[in-house]
J.: 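Following this message is one structure expressed as structure tokens.
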There are 2 protein chains.
Amino acid sequence: MGQRRTEVLHAAIELLDEVGLDALTMRLLASRLGVRASALYRHYPSKQALLDAMVAHLVGTGELPEAEWDELLRGAASGLRSVMLAHRDGARLIAGFHDPGPDAVAAFERLITALTEAGVPAAAVAVDTVMAYANGFTVEEQARKTRWPREGRDRAFDDGLALIIAGIRASMV
Amino acid sequence: MGQRRTEVLHAAIELLDEVGLDALTMRLLASRLGVRASALYRHYPSKQALLDAMVAHLVGTGELPEAEWDELLRGAASGLRSVMLAHRDGARLIAGFHDPGPDAVAAFERLITALTEAGVPAAAVAVDTVMAYANGFTVEEQARKTRWPREGRDRAFDDGLALIIAGIRASMV
DNA sequence: ACCTGAACACCGTTCAAGT
DNA sequence: ACCTGAACACCGTTCAAGT
């Protein structure tokens, strides 16, 4: 059925890691599949639709583990950063242009509900703030040419995250 | 001297607001100036160089006002957001691809110094966190198709910012 | 169901040459 | 100092036609 569609999607992700977002071309992707560019339009109506599908596939939507509210929040933020860092130009691709898609929205809602039940006031603000931070941090991290070692970047990310979580905790008194 | 260079820069920013980043083409820009695209390469060595110059011009680098540390931080964050929102695709243009440039680095340093003198521990972490938040929030805000009114977006931004500042304050005890 | 061939309307960039 | 003309090596997308 739509199984060639999935092959195209996987080839696109492989090619992204190989050549980067700017060089990810319908024509180049087609040639990797042994096919002409025009053939791709049978599977995706436009390049943008293909990029959207890539984002949806990468982000996925995991289960919410059993954990304290702060661990939940840390997990969501690091999870987003991990998936971005796992692919070349992942931050630009994912943070980029897209209304969030129904799966992402649902995952957000579940997280907000969990925090609310754990007694976090204004849980939506907390989640939005942490996710905006993770997005902003990682976009800049991956855009920067001069890259310091992963260990230090992880620590910087965790330090900022800790600051926000302390702010949420302060609002809970 | 390099005054045609400045005309090109200003025309590019005008054109950005008119047509958006994706339609901002060397050929279209040239035609607005009554000139062929190849003529632009006398003033900027590449399109990327022109985009970098646009970012530098938009971001500028203001004075640091006399204010409490938290007001300083709020001002820096809202200032960044304002300049992004002031131009079509401003967030994507500015947050995008660029090592920060020496002026931006200097402004960062001054802010960190001011916070340190005001008794904020780990002032660098505080500044980085707030700026990553402002970046992430605004990129998402401007990318979203379905736009709610400005007033509500401002409030959401301020709420998140307040959370981070509360976290910094909590670290000061 | 999937693909080709050819075309359309574009890109950024280079370079000799003009004034 | 600034610009033209022409070219090079590309783009995304459409559409009739093939198997």
J.: Figure out the CG/P separation between B:L40 and D:dC3, and round it to whole Å.
T.: 8 Å

J.: I want to confirm an ordering. Mapping A:R27 and B:L28 to their closest nucleotides on DNA chain C, which one lands closer to the 5' end?
T.: A:R27

J.: Distance check needed: C:dT14 P versus B:M26 CE, whole Å only.
T.: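 Distance, rounded to whole Å: 10 Å.
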
J.: Can you tell me how far CG of B:L24 sits from CG of B:L93, rounded to the nearest 0.5 angstrom?
T.: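 The CG atom of B:L24 is 8.5 Å from CG of B:L93, to the nearest 0.5 Å.
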
J.: Show which side-chain atoms of residues 111-131 of chain A pair as donor or acceptor with protein atoms under 3.5 Å away, not counting sequence neighbours.
T.:
| unit_1 | atom_1 | unit_2 | atom_2 | d |
| --- | --- | --- | --- | --- |
| A:T113 | OG1 | A:E109 | O | 2.8 |
| A:T116 | OG1 | A:I112 | O | 2.8 |
| A:T129 | OG1 | A:V125 | O | 2.7 |

J.: Which dot-bracket string fits DNA chain D when only Watson-Crick or G-U wobble pairs with both atom distances under 3.5 Å count, crossing pairs get [ ], and | stands for a partner on a different strand?
T.: ||.|||||...|||||.||

J.: Side chain of B:V35 only, please: which of D:dC3, C:dC3, C:dG12 is the nearest?
T.: D:dC3

J.: Say you pick atom P in D:dA9 and the same atom in C:dA9; how far apart are they, in whole Å?
T.: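 Rounded to whole Å, the distance is 23 Å.
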
J.: Nearest 0.5 Å, please: how far is CG in B:L58 from CG in B:L9?
T.: 8.0 Å

J.: Using a cut-off of 6.0 Å, state whether more than 12 heavy atoms not belonging to A:Q142 lie near its atom CD.
T.: yes

J.: Looking at every strand, decide which applies to A:R42 at a 4.0 Å heavy-atom threshold: base, sugar-phosphate, or nothing.
T.: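 The answer is base, as A:R42 lies within the cut-off (heavy atoms under 4.0 Å) of a base atom.
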
J.: Taking B:Y133 for its side chain and B:F157 for its backbone only, find out whether a donor-acceptor pair lies under 3.5 Å.
T.: yes

J.: May I ask you to verify if any side-chain N or O of A:S38 is less than 4.0 angstrom from the OP1 or OP2 atom of C:dT4?
T.: no

J.: Strictly below 4.0 Å: does A:H43 bring a side-chain N or O up to OP1 or OP2 of C:dC3?
T.: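 Answer yes for this pair, as a side-chain N or O of A:H43 is under 4.0 Å from OP1 or OP2.
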
J.: Please check the phosphate of C:dG5 (OP1 and OP2 only) for any side-chain N or O of A:R36 closer than 4.0 Å.
T.: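 Answer is yes, contact under 4.0 Å.
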
J.: Can you figure out which of D:dC11, C:dG12, D:dT4 approaches the side chain of A:T25 most closely?
T.: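 The closest nucleotide is D:dC11.
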
J.: Pairs under 3.5 angstrom only: tabulate donor-acceptor contacts from the side chains of residues 71-91 of chain A to other protein residues two or more places apart or in another chain.
T.:
| unit_1 | atom_1 | unit_2 | atom_2 | d |
| --- | --- | --- | --- | --- |
| A:E71 | OE1 | A:R74 | NE | 3.4 |
| A:R74 | NH2 | A:D70 | OD2 | 3.0 |
| A:S78 | OG | A:R74 | O | 2.7 |
| A:R81 | NE | A:E141 | OE1 | 3.0 |
| A:R81 | NH1 | A:D154 | OD1 | 2.9 |
| A:R81 | NH2 | A:E141 | OE2 | 2.8 |
| A:R81 | NH2 | A:D154 | OD1 | 2.9 |
| A:S82 | OG | A:S78 | O | 2.9 |
| A:H87 | ND1 | A:D17 | OD1 | 3.3 |
| A:H87 | ND1 | A:D17 | OD2 | 3.0 |
| A:R88 | NH2 | A:E18 | O | 2.7 |
| A:D89 | OD2 | A:L21 | N | 2.7 |

J.: Mapping A:A39 and A:A23 onto DNA chain D by nearest heavy atom, which one lands closer to the 5' end?
T.: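 Its nucleotide being nearer the 5' end, the pick is A:A23.
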
J.: Would you indicate which nucleotide in C:dC3, D:dG12, C:dT4 comes nearest to any side-chain atom of A:R4?
T.: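 Selected nucleotide: C:dC3.
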
J.: Considering residues, nucleotides and ligands other than B:R144, do more than 12 of their heavy atoms fall under 6.0 Å from its CZ?
T.: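 More than 12 heavy atoms, drawn from other residues, nucleotides or ligands, come within 6.0 Å of this atom.
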
